[in-house]
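This report concerns only the one structure given below.
We're numbering straight along the sequence, starting at 1. Bear in mind the structure is a predicted one, so any value in this text is a computation, not a measurement.
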Amino acid sequence: MLSNKGKSFQGSIVLGKGFILTPEEALSLIDKDPRNKEVLFPYLNGDDLNNSPTQEPSRWVINFFDWSEEKARSYPDCFDIVERLVKPERLIQKDKGGKEKWWQFLRPRKELYATISELDQVMVITRVSKYVVTTFVDSSYIFMDKIVVLSYEQKDVFSVLQSTIFDSWAWKYSSTLGANTINFSPNDCFENFPFPLSTESLEKIGALYYNSRKELMKKSQLGLTKIYNLFHSENISQNANISKLTFLQKHLEKANCCLKIEEIVSNIQNLRNLHIQLDQTIINSYGWKDIVLTHDFYEIDYLPKNDRVRFTMHPTARKEILKRLLILNLHRYNEESKSDTFDKNISKKRSKSTHKASNIMLFPED
């Protein structure tokens, strides 16, 4: 979709472990010379997003942007680190640019940081993960290449991207790494996703869902992956899932949490209820009120047999929604092809993830 273009970005490819520092090392450099703060930034990776309850960066990074070597050398403390630890590694690389400008990131992603420079926060999704989970983080970070950054601050867009509707689309049109790990590709499953034309009704439920989940993570000291492991665990509310409850008990003792197991289970159930409301509100915004979602625990056929149960909508509803999204995708493509801003070369190319359903072709990507 033209409206989705220029909104999604892959994080920076740093290429050089010497760029990366512990928080203590970075703060020590800033204490030594406050000017160093101009080239030192918190560095967010996928593990921080998926496993940290706070989702704050666990590392910092030295960033000389697209500066000349002369300008970079004017920060001698940081430049010395890069020259000692990064330069030898980069000089043996095949990439010509990586050799010639070894003090810079291999792929700085200037367009990413220029786009988000006026935003207070951005939406992010881990590229390789067990679940498609969307969240918000500070826009001032440097993002690792394993993170997809979306230049949105709105909770209505969050609602759509966190929904079972988008999750189903993403799994269908992204590749996988192993049987149960999605390799999220914005070109294949975000840029071609047909959002509802009106999303105003999604702001309230999106904010409620996000804030409830964030509070649960804070109180339970659980990261997103563990939260959604519980979210998709059947029968924990009936004390039947012994392995999950045993894990919770040990975690609570180790983390010294104030919550009891019963409170976490209750919060997980609340999150499920909010997810049902979120999905239903989105379906209504498409005008598809005839589709009955019937959320429950179902086996998902594209997941491995030992881990294919998810709390989701009924498989029949999922198939119908994917079919309608595909039809809507084609309709919008046809409408956009008539506009003056449409790239005429787009119709000559095919997306890597093109699929057929009811003889309808996925919206081609450039």
Judged by atom type as modelled, is there a donor-acceptor pair below 3.5 Å linking the side chain of Ser266 to the main-chain atoms of Glu263?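 Answer holds: no.
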
Test your reading of the model: is there a side-chain donor-acceptor pair from Arg109 to the backbone of Ser12, 3.5 Å cut-off?
no

In Phe311, Tyr210, Phe231, Tyr228, the residue satisfying ring-ring contact (aromatic ring centres under 6.0 Å, His included) with His275 is Phe231

From the list Tyr141, Phe65, Phe19, Tyr113, ring-ring contact (aromatic ring centres under 6.0 Å, His included) partner of Phe41 resolves to Phe65

Any side-chain heavy-atom pair of [X] and [Y] under 4.5 Å:
{"X": "Thr312", "Y": "His295", "value": "no"}
{"X": "Met123", "Y": "Gln154", "value": "no"}
{"X": "Cys78", "Y": "Leu40", "value": "yes"}
{"X": "Leu202", "Y": "Lys155", "value": "no"}

Check [Y] with [X], please: is the shortest side-chain N to carboxylate O separation under 4.0 Å?
{"X": "Arg324", "Y": "Glu320", "answer": "yes"}
{"X": "Lys130", "Y": "Asp307", "answer": "yes"}
{"X": "Lys101", "Y": "Glu69", "answer": "no"}
{"X": "Asp80", "Y": "Arg84", "answer": "yes"}
{"X": "Lys32", "Y": "Asp77", "answer": "yes"}

Same apolar cluster: [X] and [Y], side chain cutoff 4.5 Å:
{"X": "Leu150", "Y": "Tyr131", "result": "yes"}
{"X": "Leu216", "Y": "Leu49", "result": "no"}
{"X": "Val149", "Y": "Val128", "result": "no"}

Item to check | Lys/Arg cation over aromatic Tyr75: Arg35, 6.0 Å, 45° cone | outcome: yes

### Lys214 to Tyr209 six-membered ring, cation-pi geometry met (6.0 Å, 45°)
no

Classify the ring geometry of Phe64 against Phe79: parallel below 30°, tilted from 30° to 60°, perpendicular beyond 60°.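 Plane angle between 30° and 60°, so tilted.
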
### Message
Applying salt bridge (charged side-chain N to carboxylate O under 4.0 Å, His left out) to Lys110 and Asp66, what does each step give before you reach the verdict?
### Response
CA-CA 8 Å; Lys110 292 187 290 183; Asp66 59 350; 3.8 Å; yes

Worksheet entry | For Ser168, the option from Val132, Leu322, Leu325 that meets side-chain contact (heavy atoms from CB on, under 4.5 Å) |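 Exactly one option meets the side-chain contact (heavy atoms from CB on, under 4.5 Å) with Ser168, and it is Leu322.
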
Please find out if less than 6.0 Å separates the ring center of Phe193 from that of Phe195.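 Centroid separation for Phe193 and Phe195: below 6.0 Å.
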
Within 6.0 angstrom of Lys146 NZ, more than 12 heavy atoms from elsewhere:
no

query: Between Gln93 and Glu89, do the side chains contain an N or O donor and an N or O acceptor separated by less than 3.5 Å?
result: no

Exercise for review: Take Arg107 and Asp95 through the test salt bridge (charged side-chain N to carboxylate O under 4.0 Å, His left out) and record every step on the way to the result.
Suggested key: CA-CA 11 Å; Arg107 300 288 183 269; Asp95 189 289; 3.1 Å; yes

About how many Å separate CD1 of Ile291 and CD1 of Ile283, when rounded to the nearest 0.5 Å?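 Ile283 atom CD1 to Ile291 atom CD1 measures 5.0 Å (nearest 0.5 Å).
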
